[in-house]
Amino acid sequence: MKRFTSIKTRITIWYTALMLVLISFVLTVVGTLSYQISIDNIENDVKLQVSEVAQKVGMRHSREIFHQVDSNEEFKNVSIYFETGEYVVGQYLYDVSSIPFSMEKLRRENVGGEEYIVYDIFKPSRPGDNRGYWIRGAESVNYAKVLGNSVFFIILIVIPLILLLTALGGYYITKKAFMPVNNIIKTANEISAQSDIKQRIKINPDSKQDELHNLAITLNHMLDKIENLIKQEKQFTSDASHELRTPISVILAQGEYLLDISKDEKEKELAQTIVDKSKQVSKLISRLLLLARIDQNRQKFNREKVDLGVIIDVAVDSMKKLAAQKDILIFSNVPEGTIIDADESLLLSAITNLISNGIKYGKESGHVSVSASKVGNNTEIVIADNGVGISTEHIDKIWTRFYRVDDVRNDDYGSNGLGLSMVKSIVELHGGTITVHSVLGEGTEFRIIMKN
């Protein structure tokens with residue numbers, strides 16, 4: 001099973017990863033350039049100092065430059081040596097003085113584990129002076145290395161902080177950007193859970209006119225159309241049922257009359273068929289009207305204190321004749337004095353329908369059990385049989401109106417696919433819940449939880 005990861009989280013991760021790459025690249029380039037610029041500055045400074053001193057050494061009255069090299073901060077990295085390598089004046093560095101001289105060659109020398117930038121210029125002897133001079137500039141690159149290491153450590157500290165701020169900021173921005181999506185999901189879940197098609201996606205008047213805003217508006221328009229279509233369907237069902245009640249009643253009455261006056265067996269058989277089918281249609285119309293009234297919140301609901309044991313006894317008694325046809329036994333077990341708040345007529349209709357289903361689709365010489373018990377503050381009603389059962393693929397569909405499991409539930413008993421839908425509507429009208437557990441070939445169990 002794939003692990004759920006929200007779009008907000010994925011965007012934040014990708015955004016943070018991209019920022020990590022960009023920031024690392026930029027800071028690495030900056031650090032490298034800073035180090036290289038420091039090295040270049042050192043090289044230019046050394047070369048400039050040496051060149052300036054060398055120029056003055058070759059001039060008359062050059063003793064002044066010797067004094068400057070010895071005392072002036074400007075030439076702090078310059079030393080002057082005789083042609084033989086003997087130190088004359090300047091910053092005498094014991095390690096650097098051992099490095100062989102090389103004419104006007106800027107180079108790096110590693111002495112004693114420390115790296116120097118070294119630059120030498122040789123000035124031939126002046127008139128009257130038989131000795132030439134080496135002017136050497138040498139400066140350690142440790143400062144540049146320290147600077148580079150500092151930049152590196154700053155990068156190690158700054159990158160996590162920037163990434164943290166980036167992740168938090170990115171998540172906050174995407175969370176606000178996806179707020180309409182959360183509203184859409186919330187509304188869809190509420191509509192699904194409460195079956196309330198009247199709900200709409202909440203749109204902030206100050207929200208930006210973007211794609212998600214337009215999506216919310218479009219979905220609201222779609223919900224308007226769906227609500228209108230459902231209203232029209234319910235109204236049609238209600239109107240059609242009302243219109244059909246009278247003619248069906250007339251047909252049923254005439255059929256029963258024909259059955260009474262018929263003398264020929266063939267005529268009686270035909271009249272009986274008319275009566276049976278009229279009763280089926282009448283039962284269908286009654287259920288349609290009940291569902292229509294519940295859908296339109298027009299169903300009369302007389303909630304009162306009722307004895308659940310009495311309701312179940314009435315339901316069982318009304319089904320004994322049907323059960324006897326298949327040699328099915330009906331058991332009931334309800335604790336005495338089980339009182340609940342319910343509409344007696346509606347609850348009786350729901351329980352009777354479930355017992356009827358258990359008989360219709362039960363096995364010959366089987367059984368149907370009806371029990372009730374207190375579960376916390378609620379009352380649980382269980383109707384179970386050892387009949388043909390329902391396959392897993394049909395379980396979630398049995399509550400759909402006019403749905404029938406054709407491979408198991410045929411029309412031998414006048415099933416119209418409205419019974420379980422009606423039961424569910426009645427239970428939910430009471431504020432309760434109904435669930436089903438079934439194993440194909442072993443039986444079915446309906447469990448009703450009535451809230452007190």
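Bear in mind that the values here come from a model prediction, so they are computed numbers and not experimental data.
Taking the charged nitrogens against the carboxylate oxygens, Asp276 and Lys279 have no contact shorter than 4.0 Å, which rules out a salt bridge. Of the charged side-chain nitrogens involved, none lies within less than 4.0 Å of a carboxylate oxygen, so that Lys360 and Asp385 do not count as a salt-bridged pair. Taking a cutoff of 4.0 Å between a charged side-chain nitrogen and a carboxylate oxygen, Lys263 and Glu267 do not qualify as a salt bridge. Taking the charged nitrogens against the carboxylate oxygens, Glu364 and Lys326 have no contact shorter than 4.0 Å, which rules out a salt bridge.
Counting heavy atoms from C-beta on, the side chains of Trp399 and Ser421 never come closer than 4.5 Å. Between Asn333 and Val370 there is no side-chain heavy-atom pair separated by less than 4.5 Å. A 4.5 Å side-chain heavy-atom check between Leu322 and Ser356 finds at least one atom pair inside the cut-off.
When the shell of 6.0 Å around CG of Asp396 is examined, it contains 12 or fewer heavy atoms from other residues, nucleotides or ligands. Heavy atoms from other residues, nucleotides or ligands lying under 6.0 Å from NZ of Lys451 number 12 at most. Dense packing is recorded around CG of Asp264, with more than 12 heavy atoms of other residues, nucleotides or ligands lying under 6.0 Å away.
Summarising the geometry of Ser438 relative to Gly443, their closest heavy-atom pair is OG-O, 3.1 Å, with the distance given to 0.1 Å. Minimum interatomic distance between Ala342 and Leu347 (heavy atoms only, all atoms of both residues): CB-CD2, 3.9 Å. Scanning all heavy atoms of the two residues, the minimum distance from Leu354 to Leu420 falls at CD2-CD2, 3.7 Å. The heavy-atom pair separating His367 from Ile328 by the smallest distance is CA-CG2, 3.9 Å. Minimum heavy-atom separation, Val118 to Ala138: CG2-CB, 4.3 Å. In terms of heavy atoms, Ser332 sits closest to Ile312 at CB-CG2, 4.1 Å.
A donor atom on one side chain and an acceptor atom on the other are found under 3.5 Å apart for Glu139 and Asn77. Counting only N and O atoms by type, the side chains of Ser365 and Asp327 include a donor and acceptor under 3.5 Å apart.
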Checklist line | Step-by-step salt bridge (Lys or Arg N to Asp or Glu O under 4.0 Å) determination, Lys47 to Glu43 | finding: CA-CA 6 Å; Lys47 190 174 181 180; Glu43 290 178 347; over 6 Å; no
Notebook entry, point to check: Do Ile390 and Leu440 pass the side-chain contact (heavy atoms from CB on, under 4.5 Å) test, and can you show the C-alpha distance, the side-chain angles, and the key distance before you say yes or no?
Noted result: CA-CA 5 Å; Ile390 307 169; Leu440 194 62; 5.8 Å; no
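Among residues two or more places apart in sequence or in another chain, the side chain to side chain contact (heavy atoms under 4.5 Å, CB included) test is passed with Glu380 by Ser373, Val375, Val382, Arg447, Ile449. With sequence neighbours excluded, the residues satisfying side chain to side chain contact (heavy atoms under 4.5 Å, CB included) with Asp341 are Arg303, Lys305.
For the side chain to side chain contact (heavy atoms under 4.5 Å, CB included) with Tyr119, the lone residue among Arg136, Glu104, Lys105 that qualifies is Glu104. Only one option out of Asn353, Ile359, Ile355 pairs with Asn357 in a side chain to side chain contact (heavy atoms under 4.5 Å, CB included); it is Asn353.
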